[in-house]
Amino acid sequence: NKEKIYQPLDLKNTIRLLRIFPRNPNPKRPLSCTLHTISLDDNPVFTAISYTWGEPVQTNSITCDGHKIGITSNWWWALREASYFDEPELVWADQVCIDQCNADERSSQVQLMGRIYRQASRVWVSLGKGYKGEEMVAMELCRRISTRANIAREKSGVLRYTGNHDPEIHSLPPWTSVKWQTLRRLLLNPWFGRVWITQEFALASNSIMCCSNLILDLDLLRNLEGNLRYLDIYDGFLNCEENKAESVKLSQSISCIKSL
């Protein structure tokens, strides 16, 4: 099937793009697609999908040019998500648009990835299925933190560290609240630790981040560290579960998000 699906990419700067059917699909309907070889020099309009491969087991499939291809659950979810919200006509995603069995092709296409994400009309970032709606709780907490920080700035105007690290002073939930756990889980999503994150996101002219069908407010996430620090609860947030290894990862994720 691989030989029937993939034709060699002989010309320089050529990539494959997926045309998905149906656009804006019913989640219960199987997805199908056709592959099209297109030159980046022709400035094609397409959406590039950024996601984590996750478990390498191919638990889902997509019919491509009449042939069934096994795909990972993370890629299947990302494609569903982008198709539902964005309804892109053409999509680029490495798992199918690159012949993964062809080492030479993989190597040459990796060299083009910077240009692919830079030229994409939109980069769709999928954080996966999430944790049964917890991402909504996490983002609502982000909004509350932002609101309380803005109120504190209006009242004082000058940052004053108390060393208390107590969120309840600012009418926020106590550290024992599961709301803080949901925010930590969102920030510890594996996507924020990917090697290609800077290239895929920073080069994009238009990006959307989604988790479990919820489009995330990137400004809230980018400003989270500054808001937590202003309220003097940043250190408390990092260490509220007393897991040093996780705290280090959390700090790295927050720094990564701030730079997006």
Side-chain angles (χ1 to χ4, degrees), residues 50-52 54-55 73-74 77-78 81 125-195 197-198 200-202 207-260:
S50 176
Y51 66 105
T52 57
E55 294 296 327
S73 59
N74 279 9
W77 180 266
E81 207 171 47
V125 178
S126 176
L127 301 185
K129 294 185 69 173
Y131 302 94
K132 297 181 180 180
E134 285 188 1
E135 57 283 343
M136 296 181 66
V137 176
M139 292 308 297
E140 179 56 34
L141 179 57
C142 276
R143 291 187 190 91
R144 288 187 62 185
I145 293 168
S146 177
T147 298
R148 301 312 302 178
N150 288 336
I151 291 173
R153 290 184 182 99
E154 290 174 1
K155 286 183 177 180
S156 65
V158 179
L159 176 62
R160 294 185 179 88
Y161 290 107
T162 65
N164 196 310
H165 310 312
D166 184 0
E168 293 180 85
I169 292 176
H170 305 289
S171 301
L172 293 170
W175 291 131
T176 54
S177 171
V178 295
K179 293 181 179 180
W180 292 106
Q181 297 173 23
T182 63
L183 181 54
R184 289 169 69 94
R185 272 195 287 269
L186 176 64
L187 299 175
L188 287 170
N189 187 286
W191 187 85
F192 297 114
R194 294 182 67 244
V195 174
I197 182 175
T198 302
E200 295 179 358
F201 199 91
S207 301
I208 291 179
M209 183 176 289
C210 195
C211 181
S212 190
N213 290 331
L214 177 70
I215 295 177
L216 306 183
D217 187 329
L218 287 172
D219 286 336
L220 278 178
L221 292 174
R222 290 189 187 103
N223 295 329
L224 179 62
E225 179 182 354
N227 289 331
L228 289 171
R229 288 188 182 279
Y230 193 86
L231 297 174
D232 198 20
I233 57 174
Y234 178 73
D235 291 339
F237 176 60
L238 291 185
N239 302 306
C240 65
E241 293 192 4
E242 300 182 354
N243 184 327
K244 291 185 178 180
E246 188 174 278
S247 296
V248 171
K249 289 182 180 179
L250 187 60
S251 176
Q252 293 171 343
S253 291
I254 293 173
S255 297
C256 174
I257 293 168
K258 184 179 178 181
S259 66
L260 292 177

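When a residue number appears, it is its place in the shown sequence, counting from 1.
At distances below 3.5 Å, at least one donor-acceptor pair connects side-chain atoms of Thr182 with backbone N or O atoms of Lys179. Here the side chain of Ser146 pairs no donor or acceptor atom with the backbone of Cys142 at under 3.5 angstrom. Judged purely by atom type and a 3.5 angstrom limit, Trp77 uses its side chain to pair as donor or acceptor with the backbone of Gly128. Formation of a donor-acceptor pair under 3.5 Å by the Trp180 side chain with backbone atoms of Pro173 is found in this model. With hydrogens and angles ignored, the 3.5 Å screen pairs a side-chain donor or acceptor of Ser247 with a backbone N or O of Leu238. Looking only at distances, a side-chain donor or acceptor of Ser253 sits under 3.5 Å from a matching main-chain atom of Lys249.
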Show your reasoning for whether side-chain contact (heavy atoms from CB on, under 4.5 Å) applies to Phe192 and Ser255.
-> CA-CA 10 Å; Phe192 297 114; Ser255 297; over 6 Å; no

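Listed by chain and residue number, nothing satisfies the salt bridge (Lys or Arg N to Asp or Glu O under 4.0 Å) test with Glu168 (two or more places apart in sequence, or in another chain).
Counting all heavy atoms, side chain and backbone alike, Trp191 lies closest to Ser126 at CD1-O, 4.4 Å. Arg148 approaches Ser171 most closely through the heavy-atom pair NH2-OG, 3.8 Å. When all heavy atoms are compared, the tightest approach of Asn239 to Arg184 is N-NH1, 4.3 Å. Annotation for Leu172 and Ile233: closest pair CD1-CD1, 3.9 Å, computed over non-hydrogen atoms. Between Leu220 and Arg143, the shortest heavy-atom distance links the atoms CD1-CG, 3.3 Å. Contact between Leu231 and Ala152 at its shortest, heavy atoms only, is CD2-CB, 4.0 Å.
Under the side-chain contact (heavy atoms from CB on, under 4.5 Å) rule, Leu127 has a single partner from Asn74, Leu214, Leu186, which is Leu186.
Atom CD in Glu246 sits 10.5 Å away from atom CG in Leu187 (nearest 0.5 Å). Considering SG of Cys256 and CD of Glu225, their distance stands at 11.5 Å, rounded to 0.5 Å. Rounded to the nearest 0.5 Å, atoms SG (Cys211) and CD (Glu81) are 7.5 Å apart. Atom CG of Asn213 and atom NZ of Lys129 lie 9.5 Å apart (nearest 0.5 Å).
Side-chain contact check for Ile257 versus Leu224: every heavy-atom pair is 4.5 Å or farther apart. In this structure, Pro167 and Phe237 have side chains that are not in contact, with every pair of non-hydrogen atoms separated by 4.5 Å or more. Side-chain contact between Ile145 and Asn223 is absent, with no heavy atoms from C-beta onward closer than 4.5 Å.
Within the structure, salt bridge (Lys or Arg N to Asp or Glu O under 4.0 Å) pairs that include any residue of residues 250-260 do not occur (at least two apart or interchain).
A salt bridge does not link Arg144 with Glu140: none of the charged nitrogens is closer than 4.0 Å to a carboxylate oxygen.
With hydrogens and angles left out, the side-chain atoms of Asn227 and Arg153 include a donor and acceptor closer than 3.5 Å.
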